[in-house]
Amino acid sequence: EDEFYQSPRHDKSLKRERDDDNEWEEERYTDGVKWKFLEHKGPVFAPPYDPLPSNVKFYYDGKPMKLSPEAEEVATFFAKMLDHEYTTKDIFRKNFFKDWRKEMTSEEKAIITDLKKCNFSDMSEYFKAQSEARKKIKEENERILQEYGFCIMDNHRERIANFRIEPPGLFRGRGDHPKMGMLKRRIRPQDIIINCSKDSKHPEPPPGTKWKEVRHDNKVTWLVSWTENIQGSIKYIMLNPSSRIKGEKDWQKYETARRLKKCVDRIRNQYREDWKSKEMRIRQRAVALYFIDKLALRAGNEKEEGETADTVGCCSVRVEHIKLYPESDGQEYVVEFDFLGKDSIRYYNKVPVEKRVFKNLQLFMENKEPDDDLFDRLNTSILNKHLQELMDGLTAKVFRTYNASITLQQQLKQLTNSEDNVPAKILSYNRANRAVAILCNHQRAPPKTFEKSMQNLQTKIDAKRDQLSDAKRELKISIYLGQINNISKKKAVQRIEEQLMKLEVQATDREENKQIALGTSKLNYLDPRISVAWCKKFGIPIEKIYNKTQREKFAWAIDMADEDFEF
DNA sequence: TCTCAAACTTAGCAGTTTGAGT
DNA sequence: ACTCAAACTGCTAAGTTTGAGA
């Protein structure tokens, strides 16, 4: 009702059109004239009748009979309803039969004279089968999951992540991939290597086929592997994130990051010292490490040219990817980064850096072509070797994990207001999460329907605002009239205010999230114990932060962390 | 030291399901 | 009951890291 009778001022699109077009203002509608011009495309019709497959038969008087499409269509309507009791009622049957006969050819009409002699059961079965088919597919998927989706590892039944072999198809790749369009070929049993324990019941290859190999390597975690034909790399079937083996690894990862926390000051001092080193390789290493630490860049392995899209990370950044500004927007020593990173996602950032870094960058860029490596004396293995010496288990990506987690913790501290209600606290959480996603450059394409859905939300908010002022006015009137029972009116105002707040929070959250993907950091970079502790501290149900899958993945953390966990 | 294979984590997207709001 | 957006899931590409072998 609301929507239909909404006055034009609620409809933003209409309002804009009227503003844009002065003629509108001149128009007057009188004497019952509703409009002067109307144009549209008309309605969309129901799809035409698709005749039944020839093996689905209609029987009359016990004999199969081919119906004309018109008669058949009407017959299918009856057949689809056959299970309902009303199809046994005389009136229903009488009306149906009368109307059905109208659709028949004269031959059919001559033969089909008695509804009692009609047998629709074959047709009915067909439709039942069709709707069952959907259910069957679901059930079959469930059965396959139960049979192939689990394994036994060390006395536990563990979920497998990707137990289906990747189907053949045309390779797309991300970004400007030189191999896009190539055929990804079908994987056969003779391509497959099975890994399982010697004393287990080995999986059987399909009849008449053989596995490439069955091995028993308990130093690795994969169950199945094959070589993919596009890049020639190996693909694996491994366990689900909820499994012990993945959970422990995840925990270990965050523990390493926490160890970095203890010595990060030392390491930072060290690389700052190294900016002054006499040796070029050490300076380059130190500047690269500074970027990895400050900007959460990825290590940046070198890649084989022509095999993959041209993307870079820290160590593989080229001269053409950065610009130096001794001064920009009132800030000194500004570096502008612009390159394609993992998945061909653009990294664009303009940041002030320390003077020494800036001077070093100028030095590194001297006498180089745009497509030369910025860090020509550095690669990931040199960098990681150095990091290994600074701390046991330290690699470039630990900095990403560390900086992501520490940022979440610090942002949560800063943004959470204990007075807030639950939705407002969750907004704070999302904002903290967002800060991390921005740091790690986790982007997404704006959802296809973003603009529209934002508009819809705005319409809702406008309507809610009006509703609120109406409710307030009513309250005022009732106070003015000295009505004592205005409690319900007060409550109404309060309720609407809350609803409005919620909508506004939602709009803010959505707008801020337009191009940012929160999932990746949540799943891979943020120590879940920080979130668990935060939930406990502020009485937020963990379900508000983690869905079922995530709770399974982070079961170890939910078990482990109490409210004063410190990363 | 370099190269390459292997193993494992991280990543965004498309399609589907769920659920909130009316 | 219905609609639309949000949430979720599956998928698999694209990274990082390690270590063996030349």
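Please read all numbers here as calculations on a predicted model, not as lab measurements. Note on naming: letters A, B, ... go to the chains in the order of the sequence lines (proteins, then strands), and numbering restarts at 1 for each one.
Environment of CZ in A/R186: sparse, with no more than 12 heavy atoms of neighbouring residues, nucleotides or ligands closer than 6.0 Å. Within 6.0 Å of atom NZ in A/K544, 12 or fewer heavy atoms from other residues, nucleotides or ligands are found, so the atom counts as exposed in its surroundings.
The C1' atoms of five pairs define one axis at each end of the helix from B/dT1-C/dA22 to B/dT22-C/dA1, and these two axes lie 20° apart (to 10°).
Nucleic acid contact for A/T549: sugar-phosphate only, since backbone atoms but no base atoms lie under 4.0 Å from a heavy atom of the residue. No contact: A/P241 has no heavy atom under 4.0 Å from any strand.
For the pair A/T221 and B/dC8, the criterion of a side-chain N or O lying under 4.0 Å from OP1 or OP2 is met. The shortest distance between the side-chain N/O atoms of A/N547 and the OP1/OP2 oxygens of C/dA7 is not below 4.0 Å.
Using a 4.5 Å cut-off on side-chain heavy atoms (C-beta onward), A/R529 and A/W556 make contact. Under the 4.5 Å side-chain criterion, counting only non-hydrogen atoms from C-beta, A/F171 is not in contact with A/L183.
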Annotated protein contacts, base or backbone, on nucleotides 13-22 of chain C with a non-hydrogen cut-off under 4.0 Å, one of B, S, - each: SBSBBS----
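In this structure, the ring of A/F163 has its center no less than 6.0 angstrom from the ring center of A/Y148.
With sequence neighbours left out, the ring-ring contact (aromatic ring centres under 6.0 Å, His included) criterion links A/F337 to A/F291.
Within residues 139-150 of chain A, no residue places a heavy atom under 4.0 Å from DNA chain B. The stretch residues 244-255 of chain A touches DNA chain B through A/K246, A/K249, A/K253, each having a heavy atom under 4.0 angstrom from the strand. Listed in residue order, the members of residues 513-525 of chain A having a heavy atom less than 4.0 Å from DNA chain B are A/T520, A/N524, A/Y525.
Taking the centre and axis of the six-membered ring of A/Y546, the NZ or CZ atom of A/R551 falls outside the cone set by 45° and 6.0 Å.
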